[in-house]
Amino acid sequence: AYVTAGARGSGLGTGLLLAAGELARAAGVRDLWILADADGRPRDLYARLGFQPAWTYWDCVRRPPAKSEAPRR
């Protein structure tokens, strides 16, 4: 789930996270994990609600050189 740009700041995201936490606790789940991008917008919300980063995932791609940069054979 996510909150659209027009609804940000309305408390909807906080409500969603609190409801997810209550459902998890009722189901006996000990830890609640959130997968999120690192763009910064939701991180303040997560921190305010007590979430802490567990790890950072990096996706790296090596692109082939342009034809003008390719080694000659």
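Scope of the values below: all heavy atoms of this structure, side chains included, with no hydrogens, waters or symmetry mates.
No option in Leu18, Asp44, Leu32 other than Leu18 meets the side-chain contact (heavy atoms from CB on, under 4.5 Å) test with Leu49.
Residue pairs meeting the salt bridge (Lys or Arg N to Asp or Glu O under 4.0 Å) criterion with at least one partner in residues 24-36, sequence neighbours excluded, are Glu22-Arg25.
Atoms CD1 and OH, from Ile34 and Tyr46 in turn, are 5.0 Å apart once rounded to the nearest 0.5 Å.
Note: Trp55 and Trp33 have tilted aromatic rings, judged against thresholds of 30 and 60 degrees for the angle between ring planes.
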